[in-house]
Amino acid sequence: MRIERVKGTRDFLPVEMRKRRVIEAKLREIAERWSYAEISTPTFELAELFTIRSGEAILDEMYGFRDRSGRHLALRPELTAPVIRLYVNELKMAPKPIKVYYFGNCFRYEEPQRARYREFWQFGAEIIGSDRPEAEAEIIALAYTIIEELGIDAELHLGHVGLIREILRDAGVSDAMMGRVMRLIDKGARDELMELMQSMGIECDALMHIIDLRGGAAIEEARHITAHSESLEHLEQLQQLLDYYGVGYDLNLGIARGLDYYTGMVFEIYESGDRLGAQRQICGGGTYRLAALFGGDDAPSTGFAFGFDRLAEVYHMEENEPVRVVVVPVKNEPEVLQAAIRITSRLRAHFNTYLDVMHRSLSEQLAYANAIHASYAVIVGKRELAEGKVTLRDLETGEQHKITMDECIAQLKDVVVNAVVKRGTNI
RNA sequence: GCCGGGGUGUGGUAGAGGUAUCCCUUGGGACUGUGGAUCCCAAGACCUGGGUUCGAAUCCCAGCUCCGGCCCCA
């Protein structure tokens, strides 16, 4: 009986893994340059952590289980809640703002679709301790920079739930109804929304108008409805700062979140191509107050999370096989093998180096070197040993010559350095 | 939870009732100090379980799973 991979999970083969590592390295590097520090949280948590954040309904979509003492645990379905829990547990006293990033796998018990798996990876960043426009602008700019540096063609949609909420409150929507109304706005369910508003006896033409508008016109409209709005000022400051950063975005006040703790801006990034099918969103972010829910202070945070697998799906990486060197002992005689191992060890201090473990003949070893697309062969035989040299063979051109090990290492270093310059990596 | 389309060696395929084709792959051998060749040998598949039938990869049912979509999306 063959054991199959579990539904919605994936195996990553070397080519795919190499690509993922390249992307991951870029993401980390960018975050570090922006002065964010990495944190990591456990793969499973108390299930409560996630139900507090998202409601009991998500229990159906989590991998939950009980441990021996009966605690209800769950594989993390996302990373924002664990990060804020970590803040409350460990970092409350750290100087604000706290800037962190994270990368990790998450689990959701859903039907797999294109670019949607049961185990998936998220990369995200948070600023904890500020919900000022400056913090929001930085977070958006960071997400934008990631997209740019990865060379992904995407559009950034910016909204502001604070403003929408304010307008709704002014119009007479009660706190109790707010969540439901916001969810409908988020879904874009116009008819249902109008029905609900009418049933509450609330005039909603203006609101409907605003959430349909895009760009500056929405701001104009909002200004007419709520003359003295803090949120509006806040949004305008944010826009100003985004201009300073040179971030391109589409304003869309129809972006909402169904959950109450989102307080300020929200944004989403969509990939422009069609490689993701219906799952075009590659990033979501916003400003929220979650720490108090986990027993901490009421620190505001702003952050985002990228769907790493979707980034990997749309990221174009040039074929970049690493420069590999194969050491080829000519005969399986003790002295030749001994020399080969010594030479291999020297090469391994610098290069990706392969040595036969199949007891193969010279031609078989070269055939294998070819099969794994190695770049160079270092041939070691009695003739070379007698002269204290090795034969360095370029497997692409077939050229070869006898040189000393020092020369050999120097030449290979040249090649690897050039390869790194040319494509940025020798992974 | 729902809808549509698929599952044949590692991968790609042929096969439309008579236990499987070809390519590729892998291991061994020939050759033994120069590789993508050639030749020989070997290994490897009908998603699973029922049903129909003398006989099922093929037809029927159920399940699993993959691809795409709906719902959902913290």
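Bear in mind the structure is a predicted one, so any value in this text is a computation, not a measurement. To find a chain, count down the sequence lines: A is the first, B the second, and so on, and within it residues start at 1. Computation of the quantities below employed the complete heavy-atom set of this structure, encompassing side-chain atoms and omitting hydrogens, waters and symmetry-equivalent molecules.
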Review item, side-chain donor-acceptor pairs of residues 377-388 of chain A, under 3.5 Å, at least two apart:
| unit_1 | atom_1 | unit_2 | atom_2 | d |
| --- | --- | --- | --- | --- |
| A/K382 | NZ | A/E333 | OE1 | 3.1 |
| A/E384 | OE1 | A/G381 | N | 3.0 |
| A/E384 | OE2 | A/T391 | OG1 | 2.5 |
| A/E387 | OE2 | A/K402 | NZ | 3.0 |

- [ ] Give every residue pair that meets the ring pair (Phe, Tyr, Trp, His ring centres under 6.0 Å) criterion with at least one member in residues 7-29 of chain A, sequence neighbours excluded.
- [x]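 Qualifying pairs: A/F12-A/W121.
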For [N] versus [M], give the span between their [atom1] atoms, rounded off to a whole number of Å.
N	M	atom1	result
B/C60	B/A16	C1'	15 Å
B/U25	B/G36	C1'	15 Å
B/G49	B/U65	C1'	15 Å
B/G63	B/G7	C1'	14 Å
B/G29	B/G55	P	46 Å
B/G15	B/C72	P	43 Å
B/U32	B/U21	P	35 Å
B/G68	B/A14	C1'	27 Å

- [ ] Would you mind telling me which of B/C66, B/G28, B/G35 lies closest to the side-chain atoms of A/M358?
- [x]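 Out of B/C66, B/G28, B/G35, the nucleotide with an atom closest to A/M358's side chain is B/G28.
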Length of the line joining [X]:[atom1] and [N]:[atom2], which is rounded to integer Å:
X	N	atom1	atom2	result
A/E4	B/G63	CD	P	19 Å
A/D11	B/U65	CG	C1'	14 Å
A/Y117	B/C67	OH	C1'	10 Å
A/R118	B/U65	CZ	C1'	11 Å

Which atom pairs link the protein and nucleotides 6-8 of chain B when you take only N or O atoms and keep those under 3.5 Å?
none

Listing request: all salt bridge (Lys or Arg N to Asp or Glu O under 4.0 Å) pairs with a residue in [range], at least two apart in sequence or in separate chains.
range	result
residues 287-304 of chain A	A/D131-A/R289, A/R289-A/D298
residues 351-364 of chain A	none
residues 104-114 of chain A	A/K7-A/E111, A/E110-A/R116, A/E111-A/R118

Scan every strand shown for a Watson-Crick or G-U wobble partner of [N], both distances under 3.5 Å, and answer none if you come up empty.
N	result
B/G68	B/C3
B/U52	none
B/U58	none
B/U25	B/A43
B/U38	B/A30

- [ ] Write out all pairs satisfying side chain to side chain donor-acceptor pair (under 3.5 Å) with one or both partners inside residues 262-287 of chain A, taking only residues at least two apart or from two chains.
- [x]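 Residue pairs passing side chain to side chain donor-acceptor pair (under 3.5 Å), neighbours aside: A/Q113-A/Q279, A/E136-A/T287, A/R257-A/E268, A/E268-A/Y270, A/Q279-A/R310, A/T287-A/T302.
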How would you label the contact of [X] with the nucleic acid (heavy atoms, under 4.0 Å): base, sugar-phosphate, or nothing?
X	result
A/G8	sugar-phosphate
A/R360	sugar-phosphate
A/G398	base

Check nucleotides 30-34 of chain B for protein N or O atoms closer than 3.5 Å to its own N or O atoms and list the pairs.
| unit_1 | atom_1 | unit_2 | atom_2 | d |
| --- | --- | --- | --- | --- |
| B/G33 | OP2 | A/K331 | NZ | 2.3 |
| B/G33 | O6 | A/K382 | N | 3.1 |
| B/G33 | O6 | A/R383 | N | 2.8 |
| B/G33 | N1 | A/E384 | OE1 | 2.9 |
| B/G33 | N2 | A/E384 | OE1 | 3.4 |
| B/G33 | N2 | A/E384 | OE2 | 2.6 |
| B/U34 | O2 | A/R393 | NE | 3.4 |
| B/U34 | O2 | A/R393 | NH1 | 3.0 |
| B/U34 | O2 | A/Q400 | OE1 | 3.1 |
| B/U34 | N3 | A/Q400 | OE1 | 3.1 |
| B/U34 | N3 | A/Q400 | NE2 | 3.2 |
| B/U34 | O4 | A/Q400 | NE2 | 3.4 |

Task: Letter per nucleotide, 5' to 3', of nucleotides 68-74 of chain B [B base touched, S only sugar-phosphate touched, - untouched; heavy atoms, 4.0 Å] - done: SBBBBBB
Give the table of side-chain donor-acceptor pairs shorter than 3.5 Å for residues 177-193 of chain A, with sequence neighbours excluded, one pair per line with atom names and distance.
| unit_1 | atom_1 | unit_2 | atom_2 | d |
| --- | --- | --- | --- | --- |
| A/R183 | NH1 | A/G258 | O | 3.3 |
| A/R190 | NH1 | A/D212 | OD1 | 3.1 |
| A/R190 | NH1 | A/D212 | OD2 | 2.1 |

Open item on the list: Is it the case that the side chains of A/S69 and A/D67 hold a donor-acceptor pair, with the cut-off being a distance below 3.5 Å and no angle test?
Closed with: yes
Open item on the list: Less than 3.5 Å apart, any donor N or O on the side chain of A/E166 or A/S231 sitting next to an acceptor on the other?
Closed with: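 Distance-only check passes for A/E166 and A/S231.
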TODO: Please say whether more than 12 non-hydrogen atoms of neighbouring residues, nucleotides or ligands are located less than 6.0 Å from NZ in A/K26.
DONE: no
Open item on the list: Angle between ring planes, A/F103 versus A/F123, binned at 30° and 60°: parallel, tilted or perpendicular?
Closed with: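 Tilted, since the angle between the ring planes falls between 30° and 60°.
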Task: Set of side chain to side chain contact (heavy atoms under 4.5 Å, CB included) partners for A/E134, sequence neighbours left out - done: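 Only A/R132, A/L241 meet the side chain to side chain contact (heavy atoms under 4.5 Å, CB included) criterion with A/E134.
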Open item on the list: Working to the nearest 0.5 angstrom, can you tell me the gap between A/E24 CD and A/E29 CD?
Closed with: 12.5 Å
Please produce a list of atom pairs where a protein N or O lies less than 3.5 Å from an N or O of nucleotides 39-46 of chain B.
none

- [ ] Return the minimal non-hydrogen interatomic distance between A/E138 and A/W34, and the atom names on each side.
- [x] O-CZ3, 3.6 Å
Task: Cation-pi geometry met for A/R10 and A/Y117 (6.0 Å, 45°) - done: yes
